[in-house]
2 protein chains.
Amino acid sequence: MAIVKLVNSVKSLSKPSKQQSHRSTIGDVAREAGVSKTTISRYLSGQFDSISEQTRKRIEQTIADLKYRPNRMARGLKRDRSFSIGMIVADITNPFSTSILRGVEDVCTKHGYSLMVCNTDNDPVKEKEYIMMLQAHRIDGLIINSTGHNNEYLHELAEEQTPVVLVDRKMPELGFDTVVTNNVQATTEAMRFFLQQGYERIAFFTQPVEKVSSRNERSNTFHQFLAQANHPSITDVYVVDFRENGQLEQKLEAYLSSSQGQFRLLFAVNGVMQLKILNVLQQKGLRIPEDIAVACFDDLDWAPVIPPGITTIAQPTYEIGVNAMERVLKRIMGDQSPAETIELPGKLIIRGSTPSKTK
Amino acid sequence: MAIVKLVNSVKSLSKPSKQQSHRSTIGDVAREAGVSKTTISRYLSGQFDSISEQTRKRIEQTIADLKYRPNRMARGLKRDRSFSIGMIVADITNPFSTSILRGVEDVCTKHGYSLMVCNTDNDPVKEKEYIMMLQAHRIDGLIINSTGHNNEYLHELAEEQTPVVLVDRKMPELGFDTVVTNNVQATTEAMRFFLQQGYERIAFFTQPVEKVSSRNERSNTFHQFLAQANHPSITDVYVVDFRENGQLEQKLEAYLSSSQGQFRLLFAVNGVMQLKILNVLQQKGLRIPEDIAVACFDDLDWAPVIPPGITTIAQPTYEIGVNAMERVLKRIMGDQSPAETIELPGKLIIRGSTPSKTK
DNA sequence: CCGGTTTACGGAACCGGTTACATTTCCTAT
DNA sequence: ATAGGAAATGTAACCGGTTCCGTAAACCGG
C-alpha cells in the first residue's frame with residue numbers, strides 16, 4: 001500500500017490572527033455560577049435529576065449572561081464522537097443529489113447532528129481525499145454516492161466502526177447498508193406502459209455504466225424486458241459519454257435514421273441525459289410527441305413544463321436521504337444486524353410526451 | 001434577551017456502543033517511530049526543516065503502517081480553530097444555491113477546509129439554531145444567505161472574530177462582507193433590451209420582497225427604469241406568495257386580461273417563478289412567444305430546452321461562491337480592512353422567448 | 001438515634017493533539 | 001580542544017469539555 005503523505009494542507013499555518021475576545025468556557029460558567037465544571041457538564045447533557053432546581057436556574061441564567069456555547073470539539077474529543085455526519089455526493093449541482101441531501105439533513109438536524117457535505121465530481125481522487133478528511137474529523141457516520149474506486153478507504157472507515165451507508169449506487173461486495181430506488185421495478189413498470197402504448201422502437205440512452213449500479217440495473221432491465229416481451233424491435237442501448245464531444249449527436253442520429261417511420265420512443269437514464277437529448281432533438285426540428293416520444297428517470301421541476309409535459313419516473317429521493325440517515329443513526333446506536341439493502345419504489349408519472357399509438 | 005436553553009440535543013446520550021477498535025493516535029505513532037509526540041506533531045504541520053531526513057522517512061512509514069489519521073478535534077481544540085466553514089442556505093434544492101455552494105466548496109477544499117452545510121427553508125428559527133450549532137462547532141467562517149431575522153446571532157459570531165460573509169442578500173446595517181449579483185446592472189441591461197425589442201407592456205413577477213435585497217433591487221430597478229424611460233405602460237409589479245394557493249393564477253389572469261392585444265412580456269424574478277409561470281401559461285394554452293414573451297433571472301439547465309428557448313439573466317453563481325469563500329479566507333488570515341460588497345455582473349442570454357416586435 | 005440510602009455536588013484524570021521552553025547532539029571556527 | 005551556535009528532538013502544560021469516583025448532607029425506617 002502506498003504511503004499516504006499526511007501533512008496538513010491548511011496553508012494558513014503561518015499565523016492567522018484571531019485576537020481572542022475570550023469566548024467563555026465551561027470553567028467560566030462554573031465559576032460564575034458558583035459550582036464545579038462537573039455540574040455544568042451534567043446540566044449540558046440533560047442530567048437534571050441530579051441537579052437541584054435552584055442550581056439549574058442559576059446555571060441557565062449564567063449561560064445566558066455569558067453567551068456560553070459549549071465547544072463541540074472538546075466534547076467530541078473526550079467522547080470520541082464528533083456529532084457530525086459526512087455526506088459525499090458525486091455531483092452537488094444535480095437536483096437528484098440535493099434532494100437526497102435534504103432528506104439526510106432533515107434527519108440530522110432533528111437528532112442534533114451536523115452535516116459535512118463533499119462534492120467529488122465523480123473523481124475518485126477527490127473522493128479519496130474527502131474520505132480521509134472526514135475520517136480526520138471523526139465523523140460519526142458517512143452517507144456516500146460512491147464512484148466505486150475507494151473501497152479500500154471505505155472499508156477502513158467501517159473497520160473503525162464508523163457506519164457507512166450507500167445511496168443510489170450499490171456495491172454488494174462491501175457489505176454496507178444501501179438505500180436505492182428500485183430500478184428494476186421502476187424500469188419494468190415504465191417499459192410495460194411503453195409497450196402498452198404501442199411503441200415499436202424504444203431506445204435507451206445512458207451514460208457509461210461503469211460501476212454505477214443504477215445505470216446498470218436500468219439498462220439491464222431494459223434489455224431483458226424487451227427480450228422477454230419478444231419484442232420485434234432491436235433492443236437499442238446507446239451509451240453516451242459526454243466527455244467525448246459530439247457523441248450524443250452521433251448516436252442520436254444513428255437511432256433516428258434507423259428508426260424512420262416507426263412509432264418510437266427515447267428513454268433516458270436520467271434527467272441530465274434527457275435535457276441534452278431534448279436539446280438536440282429541438283435543434284433537429286423534431287417535435288415531441290409527433291415525431292418522437294420521450295421519457296426519462298428523474299421527475300425534475302421542468303418535466304411538467306416542457307411541452308407537452310415529459311413522462312418521467314419519479315425517484316423517491318427525499319425518502320432515500322431520510323432512510324439512509326436513519327440507518328446511520330441505528331448503527332450509531334449500536335445496531336449490529338446484517339447490512340440491508342432498501343429499495344424504494346419509483347413512480348411512473350405519465351404526461352404528454354408518451355401518447356399511445358391509436359391516438 | 002431570552003434565555004436560550006442550551007441542552008445538547010443528541011438523543012443518543014444513552015450509550016452508543018462503539019467498541020473501540022483502537023484507532024491509532026499521535027502517541028502510538030511516536031512510540032512506534034521511536035520519537036516524541038512533538039516530533040510527530042511537527043511532521044504533521046510540515047515543519048520538515050527541523051526534522052532529519054531519516055526521522056521523516058521513519059515517521060512517514062509508521063503513519064502508513066498504523067493507518068494513522070490525525071484527529072481534527074484534538075488539533076482544533078488546542079488551536080482554537082476547527083478547519084471547517086459553515087454555509088447556511090435558504091433552499092438547498094434550488095440550483096442557484098448549489099451552484100454557489102459548489103464554488104465555496106472548491107475553494108474550501110483547495111485550502112484544506114471542510115464545509116458544513118445547513119438548509120433553513122427560509123425559516124428564521126431553523127436559521128438561528130444552525131447559527132448556534134455552527135458556533136458550537138467553532139467554525140472558522142460562515143457564508144450565509146440570510147433570512148434577515150437573526151442579526152443578533154450573526155453579530156455575536158462576528159464579535160468572536162468569526163468572519164461572516166453574506167451572499168445573494170445584502171444587509172448593509174451589519175457591516176459584513178457581501179457578494180451578490182449586480183442586480184441593478186443586470187436588470188437595467190435586460191430592460192434596455194426588452195424596450196429595444198419593442199415590448200409595450202412588461203410585468204415583473206416576484207415573490208414577497210421581505211428582507212431579500214436581490215428581489216428588492218430587481219423590482220426597484222424595474223420600477224425606476226420604466227419610469228425613467230417614460231414608458232407608456234403601467235409599471236406592473238406583481239407580488240406572488242406561493243404559500244397562498246391560487247395567487248399566481250389570479251395575478252397572472254389580472255395581467256393577461258388587462259394587456260390584451262399589447263406586445264407584452266413577463267419578467268420573472270427567478271427561475272422558480274419562471275417555471276411556475278410557464279406552467280400556468282401552458283395550462284391556459286398560451287404560446288410563447290406568439291401570445292406572450294417571457295424572460296427571467298437564473299440561467300438554469302432547462303432554459304435553452306424549453307421551446308423556443310427562454311431568455312434569461314445568468315447569475316455568476318459559482319463565482320459568487322468562490323469570491324465569498326476567498327473573502328472568508330482573507331479574514332481568517334487576519335485582514336481587518338473594512339467590509340466590502342462585491343457585485344458581480346449578470347449576463348443577459350437572449351433566446352427565442354423574447355423576439356422583437358418587427359419580426 | 002443510627003446505619004443505610006439517596007441526593008447533590010466536587011476533584012482530578014483524561015481525550016489527542018500543540019507549543020513554549022528546554023535539552024542534547026553535532027558542526028565549525030578559533 | 002573547546003566555546004558557541006545551529007540543528008534535531010524532548011518534556012510537560014494546556015485546550016475545554018466528560019466522567020469515574022468520592023464525599024457531605026439530607027432523608028428515612030426501625
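Just so we're on the same page: letters track the sequence lines, and every chain starts at 1. Keep in mind it's a predicted model, so treat the numbers as computed, not measured.
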Can you tell me if B:Thr25 touches the phosphate of C:dG16, counting only side-chain N or O atoms and a distance under 4.0 Å to OP1 or OP2? no
Nucleotide of C:dG11, C:dG17, C:dC14 approaching A:Lys78 most closely (side-chain heavy atoms): C:dC14
Test applied, side-chain contact (heavy atoms from CB on, under 4.5 Å); reference residue, B:Leu115; option that passes from B:Ile85, B:Val107, B:Ile139: B:Ile85
Report the distance from atom CZ of B:Arg69 to atom P of C:dG17, rounded to the nearest whole Å. 12 Å
Nearest-nucleotide comparison on DNA chain C, the residue closer to the 5′ end among A:Glu53 and B:Gln47: A:Glu53
Residues B:Asp28, B:Lys37: salt bridge by 4.0 Å N-O rule: no
Indicate whether OP1 or OP2 belonging to D:dA8 is found under 4.0 Å from a side-chain N or O atom of B:Tyr43. no
Any N or O donor-acceptor pair under 3.5 Å from the base of D:dG10 to the side chain of B:Arg42? yes
B:Thr55 side chain: which of D:dG16, D:dT9, C:dG17 is closest? D:dT9
Write down the distance between CZ (A:Arg75) and C1' (C:dC14), rounded to a whole number of angstrom. 16 Å
What contact category does B:Thr39 fall into here, base, sugar-phosphate, or nothing, at under 4.0 angstrom with non-hydrogen atoms? sugar-phosphate
Assign A:Tyr68 to base, sugar-phosphate, or nothing according to its heavy-atom contacts below 4.0 angstrom with the strands shown. sugar-phosphate
Under 4.0 Å between a Lys/Arg side-chain N and an Asp/Glu carboxylate O for B:Lys57 and B:Glu60? no
With sugar-phosphate meaning primed atoms plus P, OP1 and OP2, does B:Ser50 contact a base, only sugar-phosphate, or nothing at under 4.0 Å between heavy atoms? base
Taking atom P of D:dG17 as reference, at what distance in whole Å does atom CG of B:Asn71 sit? 16 Å
Over how many whole Å does the gap from B:Phe83 atom CZ to C:dT18 atom C1' extend? 10 Å
Salt-bridge test for B:Arg69 and A:Glu156: reply yes if a basic N is under 4.0 Å from a carboxylate O, no otherwise. yes
Which of C:dG16, C:dC9, C:dC14 is nearest the side chain of A:Leu77? It is C:dG16
Kindly point out which of C:dT18, D:dT18, C:dG11 is positioned nearest to the side chain of B:Ile26? C:dT18
Once you round it to whole Å, what is the distance between C1' of D:dC14 and CE of B:Met73? 18 Å
Roughly, in whole Å, what's the span from CZ in A:Arg72 to C1' in C:dG16? 20 Å
In whole angstrom, give the distance that lies between atom CG of A:Asp80 and atom P of D:dG17. 18 Å
Nearest non-hydrogen partners of A:Gly148 and A:Met171, listed with the distance: CA-CE, 3.6 Å
Can you find a side chain N or O atom of A:Arg23 that sits less than 4.0 Å from OP1 or OP2 on D:dG16? no
Once you round it to whole Å, what is the distance between P of C:dC9 and CZ of A:Arg56? 12 Å
Taking only the side-chain heavy atoms of A:Leu44 (C-beta and beyond), determine which of C:dG16, D:dT9, D:dT18 contains the nearest atom. D:dT18
To the nearest 0.5 Å, tell me how far A:Thr178 OG1 sits from A:Lys170 NZ. 8.0 Å
Please tell me which of B:Ile51 and A:Ser24 maps to the more 5' nucleotide of DNA chain D, matching each residue to the nucleotide holding its nearest heavy atom. B:Ile51
First encountered from the 5' end of DNA chain D, between A:Thr38 and B:Ser52: B:Ser52
